[in-house]
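Remarks on the structure that follows.
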Amino acid sequence: MPFAYDDPYVNEHRATVENVVDQLTQMGFHGDARLDLGRTRRSTIDRSNPATRALVKSIPTIGEWLDLVPRAAALAPAYAPFEPTYPGGVGVSEAAQHYFANVADCRGIRSRAAVLQEVAIAHARTIDARAPRWLSLACGAAQPAISAVSRVRSGGGRTPKLTLVDLDRTSLALAQTYATQANVTVSTRRANVLARGGVRLARPRLARTEGPVRPRRGDWHSRVSAR
């Protein structure tokens, strides 16, 4: 479906931020090129990297943000750059706020979230008989999913029943905090979504009807929840 996204956070500091990123990029890659970061990533950021040191030095409170990586809390300023604090209460400098608002990685995260939200919301509008059932695997703090539920409800639609699955307890706790702030009810499940046996969810109870209730073609929510 056609979709356009105008990032509400990009501002007049974009050129400055991109200049900083260009300077850091010119320092080159100083890690181990043989390291498979997708399988054996480090639990913390390597601050011995010259580009990392330069970034921490040039933008106040970026070091405090690096302390959050790789937890889901690190994505919070990408979704909401101008919040005064990071999750946990540490303050965010104005320079760091403009960095998160304008850097390409954060813009990409927000645009991806916007696309997925529109797809989910459009699907929710096609379900009339019952509330949609949404499942977010490896959900992290689930900001986009929670926001989408809130938008469906505020638009007068049937409020989706959202189930969040992640292996990290702190991510699920943060997701629950965001859900509470948005007045959205969610169910959480701690599980490894990469497990060979899959993730088993309880079969939902359906109201009694005169005939069998069958999921409509394309209703992936019903198919997933009924497995």
Do [X] and [Y] have side chains that get closer than 4.5 Å, going by heavy atoms?
| X | Y | value |
| --- | --- | --- |
| V193 | L167 | no |
| R158 | P132 | yes |
| Y99 | V92 | no |
| T163 | V186 | no |

**Message:** Taking the six-membered ring for Trp, are H98 and F82 closer than 6.0 Å centroid to centroid?
**Reply:**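 Yes, the ring of H98 comes within the 6.0 Å limit of the ring of F82, centre to centre.
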Cluster check [X], [Y]: I/L/V/M/F/W/Y, side chain < 4.5 angstrom:
| X | Y | value |
| --- | --- | --- |
| I62 | I109 | no |
| V17 | Y9 | no |
| V103 | V10 | no |
| Y79 | V90 | no |
| Y86 | L75 | no |

Donor-acceptor pair, [X] side chain versus [Y] backbone, under 3.5 Å?
| X | Y | value |
| --- | --- | --- |
| D166 | G140 | yes |
| S147 | Q143 | no |
| T52 | S48 | no |
| T188 | L172 | no |

What are the two closest heavy atoms between [X] and [Y], and how far apart are they?
| X | Y | result |
| --- | --- | --- |
| A182 | S150 | O-OG, 4.5 Å |
| A179 | I146 | N-CD1, 3.7 Å |
| G91 | T61 | O-CG2, 3.6 Å |
| A72 | A141 | CB-N, 3.6 Å |
| L174 | A73 | CD2-CA, 3.7 Å |
| N102 | R107 | O-NH1, 2.5 Å |

**Asked** When you check the gap from the basic side-chain N to the acidic O, do R110 and D7 get nearer than 4.0 Å?
**Response**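 Result for this pair is yes, salt bridge flagged.
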**Message:** Between R47 and D67, does any side-chain N to carboxylate O distance fall below 4.0 Å?
**Reply:**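 Yes, this pair counts.
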**Prompt:** Just wondering, more than 12 heavy atoms not from E18 lying within 6.0 Å of its CD?
**Reply:**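 Count over threshold, so yes.
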Out of curiosity, [X] [atom1] to [Y] [atom2], how far, rounded to the nearest 0.5 Å?
| X | Y | atom1 | atom2 | answer |
| --- | --- | --- | --- | --- |
| H13 | Q97 | NE2 | CD | 10.5 Å |
| T185 | Q176 | OG1 | CD | 8.5 Å |
| L116 | S111 | CG | OG | 9.5 Å |
| W134 | L164 | CH2 | CG | 11.5 Å |
| S58 | R53 | OG | CZ | 13.0 Å |
| K57 | L55 | NZ | CG | 12.5 Å |

**Asked** For N49 and M27, what are the C-alpha separation, side-chain angles and deciding distance, and is it a side-chain contact (heavy atoms from CB on, under 4.5 Å)?
**Response** CA-CA 10 Å; N49 190 305; M27 294 182 180; over 6 Å; no
**Asked** How would you list, by chain and number, every residue that makes a ring-ring contact (aromatic ring centres under 6.0 Å, His included) with F100, sequence neighbours excluded?
**Response**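 F100: ring-ring contact (aromatic ring centres under 6.0 Å, His included) contacts with W65.
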**Message:** Y5: which residues meet the ring-ring contact (aromatic ring centres under 6.0 Å, His included) condition with it, sequence neighbours left out?
**Reply:**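 ring-ring contact (aromatic ring centres under 6.0 Å, His included) check on Y5 returns nothing, list empty.
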**Request:** Take V149 and R153 through the side-chain contact (heavy atoms from CB on, under 4.5 Å) test and state the conclusion after the steps.
**Result:** CA-CA 6 Å; V149 171; R153 182 185 59 195; 5.6 Å; no
